[in-house]
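Report on one structure; see the data block that follows.
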Number of protein chains: 2
Amino acid sequence: MSMDFAPPKYAQVMTAIQQRIRDGEYAPGDMLPSETQLVREFGVGRTTVVRALQTLAMQGWIEREHGRGSFVKGRPESPAERVRPGLSTVEHAESAENIVSVARVPAPRHVATLMGVDERTPVIARHRVMRQGDRVSAAETLWFPLEIALGTDLDKPDPLRHGVRQHLQAVKHLRVDHVTERLTARKPTKEEADLLGSSSAVLGVMATVHDPAGTVLLVLSVALPGDLHELEDVYQVS
Amino acid sequence: MSMDFAPPKYAQVMTAIQQRIRDGEYAPGDMLPSETQLVREFGVGRTTVVRALQTLAMQGWIEREHGRGSFVKGRPESPAERVRPGLSTVEHAESAENIVSVARVPAPRHVATLMGVDERTPVIARHRVMRQGDRVSAAETLWFPLEIALGTDLDKPDPLRHGVRQHLQAVKHLRVDHVTERLTARKPTKEEADLLGSSSAVLGVMATVHDPAGTVLLVLSVALPGDLHELEDVYQVS
DNA sequence: CTTGCCCACTCGTCCGCACAAGTAACCGAG
DNA sequence: CTCGGTTACTTGTGCGGACGAGTGGGCAAG
């Protein structure tokens, strides 16, 4: 008995209609069959049809007008995928070659500001590099407040096999909720230049990583050599 | 007869719960009252409560777990606003001080590639600068295929009072639909350095602007001095 | 012709009910 | 003690029915 699960009926109705829109059977501007007709065609209750149509409307596939009908809008609306340097930094699994150093240091001014603590408060600084073949393709520093790092392996120079985010989740049940990222172009610092080799312009990313309550879990800084990295973004214009 | 409209009940339930989340009565992580309890409290049917809760879940206010309950997620959070250098470039109205030069030139290789035409095909190149007080804060070049510029003022050195996007829309009914943007850090070119004054690192933005059918309306390149610009982005983690 | 009403059709909302399925705590058999 | 079943909760899905309200066309009175 394989017991495969059929998706719920309202979802079946949704995907059927989406398919017809994609196929052009229902073209943009067309009126969809009325709820009553769809009830007959799919053999389900009106509750089910209405739920499917209202969900499609919320997702932007169709528009519903009281008293007139439902109309194809035809723009499924792509949610604008984008590369997230801050996110991939906390997702990436570590290996021994990644770790440059891990130390307890006084917080630099900009890090302290982002954490909302006093300058020179002790924090854990975790320096890492990413490699592409022979070249170092990124120099990263992650700063953790002491109370976050407490009880974790974040202050130890051993590689985290499943990435920082997983580690925080598994060890202290801390959930990463959102990331604030600021990006600029600058020259590499002396330390970064030593690691990166090339001394041209770098993309500088500063990010703060928050839990659902807004608490700062960590602050991170990434230097991406400009000759190796392009960040691509596609977006709809209103 | 003032005929005031009462909002639908499911919306009333929604706003009541949203208010309690904002007030902290329901704190992030808390379990909401069960559907049955809410039915009793608000004096409505379960259908109504479920619709309110499912809508709140879709909007990200709460999370619902089958068999366990509904839990406050506590993020009204807007859908990640971000600066779009490519978009603001085609939106911005021009004035006489913005225009550096407008000329018909053979397409550089990278521009030709993005347009999908042969290298050295003639195109219109429109060079502009943006100013912040005394400093030049951005050097922009917009390349237009000849057939796009034909019949417009894009190939004339006069300022466009309503921006490139409006002009294309008004004169040739061309609609900007989406933008593909690629961003990197680099050193300014000689021409850009002359315009920008400072010769440090710049954020280089290359963007292609498309109409709904995917046709390239223009290609643009922007150089933003790293010491003047930060691009900020906030995003939810799944 | 114009006006106003009626009617058929649309979607919007709401109810009560039913059953499925996931969760967690309790409790007794072993 | 551990294991497995029972039970009381939770949410997920689905139905049929009901009434309200907006829309647009037909139609008869004026």
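Keep in mind that what you see is a predicted model, and the values were worked out from it rather than measured.
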Quiz item: What string of B, S and - do you get for nucleotides 10-16 of chain C, 5' to 3', when a contact is any protein heavy atom under 4.0 Å?
Solution: BBBBSBB
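For D211(B), there are no salt bridge (charged side-chain N to carboxylate O under 4.0 Å, His left out) partners two or more places apart in sequence or in a different chain. In this view, Q169(A) and R175(A) satisfy the side-chain contact (heavy atoms from CB on, under 4.5 Å) rule, not counting sequence neighbours. The side-chain contact (heavy atoms from CB on, under 4.5 Å) test applied to E25(A) returns R20(A), not counting sequence neighbours.
A salt bridge (Lys or Arg N to Asp or Glu O under 4.0 Å) check over residues 98-121 of chain A, counting only residues at least two apart or in different chains, returns the pairs R109(A)-E119(A). Under the salt bridge (Lys or Arg N to Asp or Glu O under 4.0 Å) criterion, the residue pairs touching residues 45-54 of chain A are E35(A)-R46(A), with sequence neighbours excluded.
Residue E63(B) contributes atom CD, which lies 16 Å from atom C1' of dG22(C) at whole-angstrom precision. Protein atom CG of L38(A) is 15 Å distant from nucleotide atom C1' of dC9(C), rounded to whole Å. Between the CZ atom of F42(A) and the P atom of dG14(D) there is a distance of 13 Å, rounded to whole Å.
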